Amino acid sequence: MTPLLLVLRMSKYRLVLLRHGEGAWNKENRFCSWVDQKLSEEGVKEARDCGRLLKEQGYKFDLVFTSLLSRSIHTAWLVLEAMGQEWVPVVKSWRLNERHYGALIGLNRAEMALQHGEQRVKLWRRSYDITPPLIDESHPYYMEIYNDRRYATCDVPKENLPRAESLKEVLDRLLPYWNSTVVPEILKGKTILISGHGNSCRAILKHVEGVSDDDIANVTLPTGVPVQLELDENLKPVKPRQLLGDQAKIQAAIKKVEDQGKAKQAT
Ligand SMILES: O=C(O)[C@H](O)COP(=O)(O)O
């Protein structure tokens with residue numbers, strides 16, 4: 001490689017994406033999505049460990065983005081606390097929320113795989129443009145979600161908030177926020193942490209890395225593992241994403257998330 005090309009490929013910005021620590025419903029293998037479940041004990045530990053790891057790596061954050069869901073906010077707090085960087089501003093938006101799983105919310109993935117087949121569950125979970133069945137007012141969590149005060153603070157009227165989303169629809173609602181609010185901060189040279197969700201982080205990866213519609217089905221993120229992106233001045237990756245931490249443990253955690261969609265009677 002010529003020195004010029006080498007310079008062109010140099011990393012200018014570092015960004016960390018983080019799927020929140022384990023939540024209570026991750027443990028129970030239920031689609032959690034927009035239900036505001038808190039972190040489990042293990043999730044609290046994962047977030048603290050993540051903070052310690054990022055501190056060891058020398059990270060100094062200038063700004064943190066979270067969704068409106070407690071598990072992403074608590075994860076950000078615990079990470080910053082473990083790093084001794086509690087003062088760093090935290091900005092929240094519904095546009096970073098987990099994918100809206102519609103009528104699947106609250107259901108057990110393994111039982112859904114028994115009823116509908118593992119392939120259907122895999123398509124619901126990982127395909128790019130398949131929207132799960134819509135939630136309606138008869139759903140047990142409908143009121144809890146849409147009557148929550150936090151959704152009266154959004155930049156769209158409550159009636160226009162999603163009733164179910166494919167990953168593509170997550171990206172469609174996330175991208176305006178990414179372009180108007182996150183990108184300008186990255187371009188100012190700020191080191192940013194996005195404490196989001198499995199599927200909001202997948203949507204960002206799809207966009208930033210230009211992952212194809214087919215290949216994004218093979219991207220699964222474990223809870224509490226920071227994903228480091230190194231970007232050039234055009235915010236294009238200069239190297240593959242790095243999942244930080246013990247690689248064997250990370251691979252095992254990815255497999256565990258994937259296996260949540262295997263058919264099994266709930267115990
Ligand atoms: O919404 C949820 O329950 C999860 O955080 C993401 O679920 P998934 O791994 O089935 O997409």
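Read the numbers this way: they start at 1 and go in the same order the structure lists the ligands and their atoms. These numbers come from a predicted model, not from an experiment.
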Distance-minimising heavy-atom pair for Ile194 and Ile204: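 Where Ile194 meets Ile204 most closely, the heavy atoms are CD1-CD1, 4.0 Å.
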Contact summary for Ile105 and His139, nearest pair of heavy atoms: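 That would be O-NE2, 3.1 Å.
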Close side-chain approach of Val257 to Arg19, heavy-atom, < 4.5 Å: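 Yes. Closest side-chain heavy atoms under 4.5 Å.
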Pro222 side chain near Val225 side chain, heavy-atom distance below 4.5 Å: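 Result yes, sub-4.5 Å side-chain heavy-atom pair found.
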Stepwise side chain to side chain donor-acceptor pair (under 3.5 Å) check, Glu230 with Gln228: CA-CA 7 Å; Glu230 296 195 35; Gln228 172 178 282; 3.2 Å; yes
Any residue meeting salt bridge (charged side-chain N to carboxylate O under 4.0 Å, His left out) with Asp246, in chain and number order, not counting sequence neighbours: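 Residues passing salt bridge (charged side-chain N to carboxylate O under 4.0 Å, His left out) with Asp246: none at all.
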What are the polar N/O contacts of ligand 1 with the protein below 3.5 Å, with distances?
unit_1, atom_1, unit_2, atom_2, d
ligand 1, 1 (O), Ser33, N, 2.8
ligand 1, 3 (O), Cys32, N, 2.7
ligand 1, 3 (O), Arg109, NH2, 2.9
ligand 1, 5 (O), Arg19, NH2, 3.3
ligand 1, 5 (O), Glu98, OE2, 3.0
ligand 1, 7 (O), Arg109, NH2, 2.9
ligand 1, 9 (O), Arg125, NH2, 2.9
ligand 1, 9 (O), Arg126, NH2, 2.8
ligand 1, 10 (O), Tyr101, OH, 3.4
ligand 1, 10 (O), Arg109, NE, 2.8
ligand 1, 10 (O), Arg109, NH2, 3.3
ligand 1, 10 (O), Arg125, NE, 2.6
ligand 1, 10 (O), Arg125, NH2, 3.3
ligand 1, 11 (O), Tyr101, OH, 2.7
ligand 1, 11 (O), Arg126, NH1, 2.9
ligand 1, 11 (O), Asn199, ND2, 2.9

